A.B. asks: 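There's a structure below that I have some questions on.
Keep in mind it's a predicted model, so treat the numbers as computed, not measured. All residue numbers refer to positions in the sequence shown, counting from 1.
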Amino acid sequence: MKLTKWNFTMSVLGIVIYVADIAADIWVTSNYFCEGQYSLGILTLVFRSLSSVIVQIFSYEWFKEDCESPDPRKLNWIFLLHFLHGGIFTRYWFALKRGYQAAFKQNSSGDELTGGPASIIHKRAIDALADISMLRVFKTFLKTTPQLILQIYILMEHDKAAFSQYASIITSFCSISWSTLDYQISLRKSLPDKNQFAGVPPKLLYLLYKLFTLTSWILSIALATLLNIISSIFLLIFLWTLGFSWTLKQHTMFCKSKRMEFLYRTVVGIILIFTFFNVKGEQTKIHISSYYATHVLVTSGIMCLFWKTSVTEQLYFTFVSITVFLTLVLGIICLIVYYMFFHPTIYFKQESASDKVDGLAREREKEETSRIRNFIMQ
């Protein structure tokens with residue numbers, strides 16, 4: 001487990017994207033209120049606020065769990081920072097501080113200049129970045145993805161759009177793409193028994209697979225919302241119910257308390273609306289095949305509902321419908337190619353019976369390891 005200078009640089013880029021995403025949200029929201037579109041402005045704030053609250057709750061709970069001998073005064077300060085929604089920035093501060101020590105401040109003997117074995121310094125830095133990566137995944141699917149659907153819906157519903165809306169859509173796609181790839185890299189780097197995401201081909205295939213499938217699904221939901229908002233909401237609630245029920249069936253043990261575990265499963269249900277991931281150490285070939293087969297059927301059904309409607313006469317509909325099917329096909333192709341040829345266990349000829357699906361959780365292992373092992377995206 002070693003944190004390189006490149007990993008540190010990517011962490012710095014991660015916080016830049018995070019800040020840019022916040023700035024884009026503020027820009028879009030202020031434009032809505034200035035233009036008198038209060039409902040859209042409030043809805044954008046709701047997505048931002050709700051996701052931030054949930055992320056702060058998980059972050060604070062992890063801070064408490066990581067304290068071997070909790071200092072009440074220190075915990076009070078940490079609670080205040082999280083109450084002011086500064087938890088992510090606090091974590092970035094510790095992560096970048098430890099990352100800088102691990103990547104730049106080591107002497108020739110391998111020990112960090114400030115003291116301590118190099119392996120411990122690197123592990124702490126990697127685990128800190130892994131926690132941030134997990135929280136970024138939460139934020140991505142709680143705020144960024146729903147907000148992206150909203151922005152696309154507004155673009156199709158109205159004849160014109162402000163530049164800030166296009167900026168928000170671009171930053172949202174960047175944020176989603178970055179979080180999914182960064183999570184996989186952090187996952188494998190924090191688990192010594194996993195083959196690393198080495199080389200460009202595996203990372204590129206995984207990024208394209210996620211980007212294409214998410215693009216197709218997001219556009220499909222936006223089109224369904226354009227057709228009928230109420231029906232679209234019921235569809236999302238139904239999909240969340242299925243995801244939440246599947247999570248209950250898996251008997252996940254991510255959190256130490258029952259209330260946090262319930263919140264975790266609720267969040268997982270929301271994430272499963274948009275993308276598939278494995279939360280238990282089990283084979284997922286049937287699950288992932290069923291998941292994307294359902295996406296294909298639902299997407300096809302949504303597109304069929306537009307048959308002989310006035311929406312098909314709009315110029316954007318032709319572009320969006322072609323994009324939906326094209327990205328879906330490309331995403332499935334990238335998924336198949338990735339797992340057949342570029343999955344780390346295949347790419348390095350080191351596949352074993354216990355590691356045939358990307359990022360399997362080993363919750364039954366009793367050895368002390370990274371928290372990220374209990375929240376594994378395929």
Side-chain angles (χ1 to χ4, degrees), residues 17 21 137 140-141 143-157 161 165-184 200-227 232 235-236 239 243 270-277 284 287-307 309 311-312 314-343 358 377-378:
I17 294 177
D21 188 43
V137 169
T140 293
F141 293 102
K143 190 277 297 183
T144 308
T145 307
Q147 185 170 293
L148 180 57
I149 294 173
L150 174 64
Q151 300 300 330
I152 295 174
Y153 165 77
I154 294 171
L155 283 178
M156 293 189 294
E157 178 69 18
Q165 290 175 271
Y166 289 105
S168 177
I169 291 174
I170 293 174
T171 55
S172 294
F173 268 117
C174 291
S175 179
I176 294 172
S177 303
W178 179 264
S179 66
T180 53
L181 177 60
D182 178 67
Y183 180 82
Q184 273 300 310
V200 175
K203 296 175 183 177
L204 180 60
L205 260 296
Y206 186 87
L207 176 65
L208 292 177
Y209 142 56
K210 284 294 182 181
L211 181 60
F212 286 144
T213 53
L214 281 167
T215 298
S216 175
W217 187 236
I218 288 171
L219 290 176
S220 298
I221 296 176
L223 284 173
T225 306
L226 185 67
L227 191 64
S232 179
L235 172 63
L236 295 177
L239 293 174
I270 296 174
I271 298 174
L272 282 169
I273 294 175
F274 304 106
T275 192
F276 176 83
F277 66 95
T284 59
H287 294 151
I288 195 171
S289 300
S290 301
Y291 183 88
Y292 284 108
T294 302
H295 269 213
V296 171
L297 292 175
V298 175
T299 299
S300 301
I302 291 174
M303 300 306 297
C304 289
L305 291 176
F306 282 92
W307 185 256
T309 61
V311 179
T312 57
Q314 302 296 326
L315 180 61
Y316 69 80
F317 179 79
T318 302
F319 172 77
V320 172
S321 58
I322 292 175
T323 303
V324 166
F325 284 114
L326 182 61
T327 53
L328 179 58
V329 172
L330 290 175
I332 299 299
I333 291 175
C334 289
L335 168 64
I336 295 173
V337 173
Y338 170 75
Y339 275 105
M340 288 184 65
F341 303 106
F342 292 98
H343 186 279
D358 185 18
M377 180 177 292
Q378 58 66 254

A.B. asks: Measure the CD1-CG distance between I333 and L328 for me, rounded to the nearest 0.5 Å.
C.D. replies: 10.0 Å
A.B. asks: Quick one: closest heavy-atom pair of I288 and Y339, and the distance?
C.D. replies: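 Reported closest heavy-atom pair: CD1-CE1, 4.3 Å.
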A.B. asks: Please report the closest heavy-atom contact between S220 and T299, naming both atoms and the distance.
C.D. replies: OG-CG2, 3.2 Å
A.B. asks: Check whether any side-chain heavy atom of Y153 lies under 4.5 Å from a side-chain heavy atom of I221, and answer yes or no.
C.D. replies: no
A.B. asks: Would you compute the distance between atom CG of L208 and atom CG of L335 and round it to the nearest 0.5 angstrom?
C.D. replies: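 It comes to 12.0 Å.
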A.B. asks: For S216 and V324, which heavy atoms make the closest approach, and how far apart are they?
C.D. replies: OG-O, 2.9 Å
A.B. asks: From the options F274, W217, F276, select the one residue that forms a ring-ring contact (aromatic ring centres under 6.0 Å, His included) with Y291.
C.D. replies: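 With Y291 as partner, F274, W217, F276 yield a single ring-ring contact (aromatic ring centres under 6.0 Å, His included), made by F276.
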A.B. asks: Taking all non-hydrogen atoms of both residues into account, name the closest pair between V320 and M156 and its distance.
C.D. replies: CG2-SD, 4.1 Å
A.B. asks: Could you give the distance from CD1 (I273) to CZ (F141), rounded to the nearest 0.5 Å?
C.D. replies: 11.0 Å
A.B. asks: Would you find a donor on one side and an acceptor on the other, under 3.5 Å apart, between the side chain of T213 and the backbone of Y209?
C.D. replies: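 Looks like yes, one N/O pair under 3.5 Å.
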A.B. asks: What's the spacing between M303 CE and L219 CG if we round to 0.5 Å?
C.D. replies: 9.5 Å
A.B. asks: Nearest 0.5 Å, please: how far is CD1 in I218 from CG in L148?
C.D. replies: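 Output value for this atom pair is 4.5 Å.
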A.B. asks: Of the non-hydrogen atoms in T215 and L211, which two are nearest, and what is the gap between them?
C.D. replies: OG1-O, 2.6 Å
A.B. asks: With distance as the sole test, does T145 use its side chain to make a donor-acceptor pair with the main-chain N or O of T140 at under 3.5 Å?
C.D. replies: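 Yes, T145 side chain to T140 backbone: donor-acceptor pair under 3.5 Å.
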A.B. asks: Atom CG in L236, atom OG1 in T225: separation rounded to 0.5 Å?
C.D. replies: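 Those atoms lie 6.5 Å apart.
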A.B. asks: Report yes if the side chains of T275 and Y292 come closer than 4.5 Å at any heavy-atom pair, otherwise no.
C.D. replies: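 Counting from C-beta outward, T275 and Y292 do come under 4.5 Å.
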